[in-house]
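Notes for the one structure printed next.
The first residue in the sequence is number 1, and the count goes up from there.
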Amino acid sequence: MASVAASPMAAQAEALVPMTRLKLTVVQFVTSLGEYRNWDALGGEFDVAADGSINVPSLGPISIANMSADQLGSEIATRLQTKLGLLEKPDATVQVVQYPPVYVAGDVTTPGEFAYRPGMSVIQALAMAGGERRMDMERGLSETIRLETDLLGYESDIVRLQARLARLKAEFTHESAIEFPVVLDPLDPVIAEILEQEKRIFAAHGNEMARQKTGLIDLDALYEAEIDALGQKLAAVDEQITRTEQQVVSIRELVAKGSATASRLSDIERELANLRSERLDIVISTMTARENLNHSQRELAKIEDEQQSETARSLQEEQGKLEKILQQQAATRRMLVKSVETDNNLVLAGQIQTTLAYAIVRQKGEEVITLSATETSQLQPGDLIKVTLVEAPARPSDTAMAPAQ
């Protein structure tokens with residue numbers, strides 16, 4: 001790779017290159033009028049084409065190879081004088097409006113394109129690109145700490161979910177106690193507190209269910225006692241009805257023989273009707289009590305079913321949460337391993353002495369050349385500066401000397 005010194009590059013910095021925007025101003029002094037007159041039709045802004053030429057009205061393409069702005073202005077004035085047959089050359093001034101940018105790539109903080117300024121050096125372009133890319137050790141360590149914190153949070157969540165699942169399984173199968181997984185060490189104070197919380201929840205749920213069931217069972221007993229009492233009352237009324245019916249038959253026979261009055265028969269028949277009405281009320285009350293008993297028994301079955309359904313739903317949800325957190329935990333562990341490897345690389349890199357190497361990639365006609373450079377090397381518009389971080393050669397003072405024998 002060819003090299004380029006600082007001073008020759010500075011001398012070439014005035015040369016015009018493709019993509020440069022130029023402003024052309026043409027004026028002529030009119031002797032008869034004693035004043036300058038602008039040739040606006042010929043002036044204006046022009047971009048240097050990729051082939052290194054500009055197209056000036058009435059003159060056509062003009063190659064600017066190795067020309068400066070002043071040289072181009074003189075060339076345009078000469079061509080105008082020749083083409084128009086003027087006794088004196090007009091004044092043609094060329095100004096650079098905008099240079100092509102320079103590009104910085106490689107081991108820099110913010111690679112990209114930057115505006116070119118005449119006399120720009122490699123170190124100035126490096127400063128515009130943010131300087132040497134630094135290894136962000138602090139950021140890497142912060143990421144490692146964050147991942148470690150996430151893992152601790154996942155471990156806590158997993159313990160809580162495992163304890164909760166054990167409690168839900170015990171509730172679903174109507175166990176008298178919770179059987180926790182062996183991985184949950186009850187000697188650990190944090191885990192012990194979590195297990196104790198689940199035990200208290202288990203006991204509270206069991207007490208609530210028992211209270212509801214006891215209330216309904218007691219209500220069933222009341223309804224059954226009511227039904228039994230109504231049955232006994234019905235039996236007594238039936239016995240009275242039987243005796244009253246026998247009396248009605250006897251009194252009818254006596255009335256027929258003239259031994260009893262019709263009013264006596266009417267009283268007995270009225271008493272029989274009242275007993276039959278009372279019997280009907282007892283039957284209706286018994287049916288109502290039986291319906292209430294059936295409703296109470298259905299309520300008891302309902303709360304048991306609802307408790308089973310709710311427990312089953314909670315089991316599915318908590319199991320899904322546990323599986324998701326286990327996946328997140330595994331992914332975080334993999335990320336932590338990579339982060340630690342990166343931290344180790346950053347530490348290792350921080351112990352190695354490094355320096356920057358520069359190369360300039362330049363378009364020269366149709367050829368692209370690469371030149372080695374230093375910080376003071378001068379740039380041309382359109383240059384690409386490649387910055388590479390390399391290990392610095394060891395200095396003699398850095399090399400440990402063996403002790404004399």
Side-chain angles (χ1 to χ4, degrees), residues 142-227 287-340:
S142 298
E143 178 66 12
T144 300
I145 293 172
R146 184 189 68 80
L147 292 172
E148 290 175 344
T149 303
D150 289 346
L151 273 181
L152 290 176
Y154 290 145
E155 290 174 0
S156 176
D157 291 341
I158 289 171
V159 168
R160 293 183 181 278
L161 285 171
Q162 288 176 333
R164 192 174 305 154
L165 283 170
R167 188 254 301 168
L168 289 171
K169 289 177 181 177
E171 290 179 355
F172 187 75
T173 55
H174 304 291
E175 301 292 337
S176 59
I178 307 174
E179 184 177 351
F180 293 107
V182 293
V183 294
L184 301 180
D185 183 7
L187 299 179
D188 186 315
V190 176
I191 296 178
E193 176 61 24
I194 294 173
L195 301 185
E196 186 61 29
Q197 289 176 358
E198 294 299 329
K199 289 178 181 179
R200 288 196 291 267
I201 295 173
F202 178 75
H205 287 181
N207 292 336
E208 175 64 17
M209 176 60 67
R211 184 186 63 78
Q212 294 185 34
K213 291 175 68 174
T214 299
L216 290 172
I217 291 172
D218 291 344
L219 187 60
D220 288 351
L222 288 175
Y223 287 137
E224 289 176 349
E226 181 182 2
I227 292 170
M287 294 175 60
T288 302
R290 290 188 182 280
E291 177 60 28
N292 291 335
L293 176 61
N294 291 335
H295 178 74
S296 176
Q297 291 173 343
R298 288 196 300 270
E299 282 296 313
L300 179 60
K302 179 181 177 182
I303 64 172
E304 291 177 343
D305 292 343
E306 288 178 347
Q307 188 266 347
Q308 287 293 92
S309 299
E310 179 64 22
T311 304
R313 184 185 63 80
S314 298
L315 269 171
Q316 291 179 344
E317 290 181 355
E318 299 305 316
Q319 186 64 44
K321 291 179 183 178
L322 178 60
E323 292 174 359
K324 182 177 180 180
I325 290 180
L326 288 173
Q327 293 173 357
Q328 292 173 337
Q329 182 190 48
T332 303
R333 281 176 176 165
R334 291 193 295 269
M335 293 170 62
L336 181 60
V337 170
K338 293 182 179 179
S339 181
V340 171

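Leu322 places a side-chain heavy atom less than 4.5 Å from the side chain of Gln319. With a 4.5 Å cut-off on side-chain heavy atoms, Gln197 and Arg160 count as touching. Proximity of Val159 to Glu155: side-chain heavy atoms (C-beta onward) are nowhere separated by under 4.5 Å. Looking only at side-chain heavy atoms (C-beta outward), Arg313 and Ser309 stay at 4.5 Å or farther from each other. Side-chain atoms of Lys302 and Asp305, non-hydrogen and from C-beta on, never get closer than 4.5 Å to each other.
Considering all non-hydrogen atoms of both residues, Leu293 and Glu224 come closest at CD2-CG, 3.8 Å. Here the shortest heavy-atom pairing between Ala192 and Pro186 reads CB-O, 3.3 Å. Taking all atoms of both residues into account, the shortest heavy-atom contact from Phe202 to Ser176 is CE2-O, 3.6 Å. Residues Glu198 and Arg167 come closest through the heavy atom pair OE1-NE, 2.9 Å. Counting all heavy atoms, side chain and backbone alike, Ile303 lies closest to Leu216 at CD1-CD1, 3.9 Å. Ala170 approaches Ala177 most closely through the heavy-atom pair CB-O, 3.8 Å.
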### Task
Step by step, work out the side chain to side chain contact (heavy atoms under 4.5 Å, CB included) result for His174 and Met209.
CA-CA 11 Å; His174 304 291; Met209 176 60 67; over 6 Å; no

What's the verdict on side chain to side chain contact (heavy atoms under 4.5 Å, CB included) for Glu310 and Glu171, showing C-alpha distance, side-chain angles and the deciding distance?
CA-CA 10 Å; Glu310 179 64 22; Glu171 290 179 355; over 6 Å; no

task: Check the pair Glu304 / Leu300 against side chain to side chain contact (heavy atoms under 4.5 Å, CB included), numbers first and verdict last.
output: CA-CA 6 Å; Glu304 291 177 343; Leu300 179 60; 4.3 Å; yes

*Checking side chain to side chain contact (heavy atoms under 4.5 Å, CB included) for the pair Met335/Lys338: CA distance, chi angles, key distance, verdict?*
CA-CA 5 Å; Met335 293 170 62; Lys338 293 182 179 179; 5.8 Å; no

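More than 12 non-hydrogen atoms from other residues, nucleotides or ligands lie less than 6.0 angstrom from CD of Glu175. Within a 6.0 Å sphere centred on NE2 of His295, other residues, nucleotides and ligands contribute 12 heavy atoms or fewer.
Residues meeting the salt bridge (Lys or Arg N to Asp or Glu O under 4.0 Å) test with Glu208, sequence neighbours left out: Arg211.
Here the CG atom belonging to Leu219 is positioned 12.5 Å from the OG1 atom belonging to Thr214, to the nearest 0.5 angstrom. In this structure, CG on Leu165 lies 10.0 Å from OG on Ser314, to the nearest 0.5 angstrom. With values rounded to the nearest 0.5 angstrom, Ile191 atom CD1 is found 14.0 Å from Glu196 atom CD. Here CD of Gln316 is found 11.5 Å from CG of Leu168. Values are rounded to the nearest 0.5 Å. In this structure, CD in Glu299 is found 10.5 Å from CG in Asp220, a value given to the nearest 0.5 Å. Put simply, CD1 on Ile227 and CZ on Arg290 are 4.5 Å apart, with the number rounded to the nearest 0.5 Å.
Between Glu317 and Lys324, no side-chain nitrogen of the basic residue sits less than 4.0 Å from a carboxylate oxygen of the acidic one, so the salt-bridge criterion is not met.
Using a distance-only test at 3.5 Å, with no hydrogens or angles considered, a donor-acceptor pair links the side chain of Thr311 to the main chain of Gln307.
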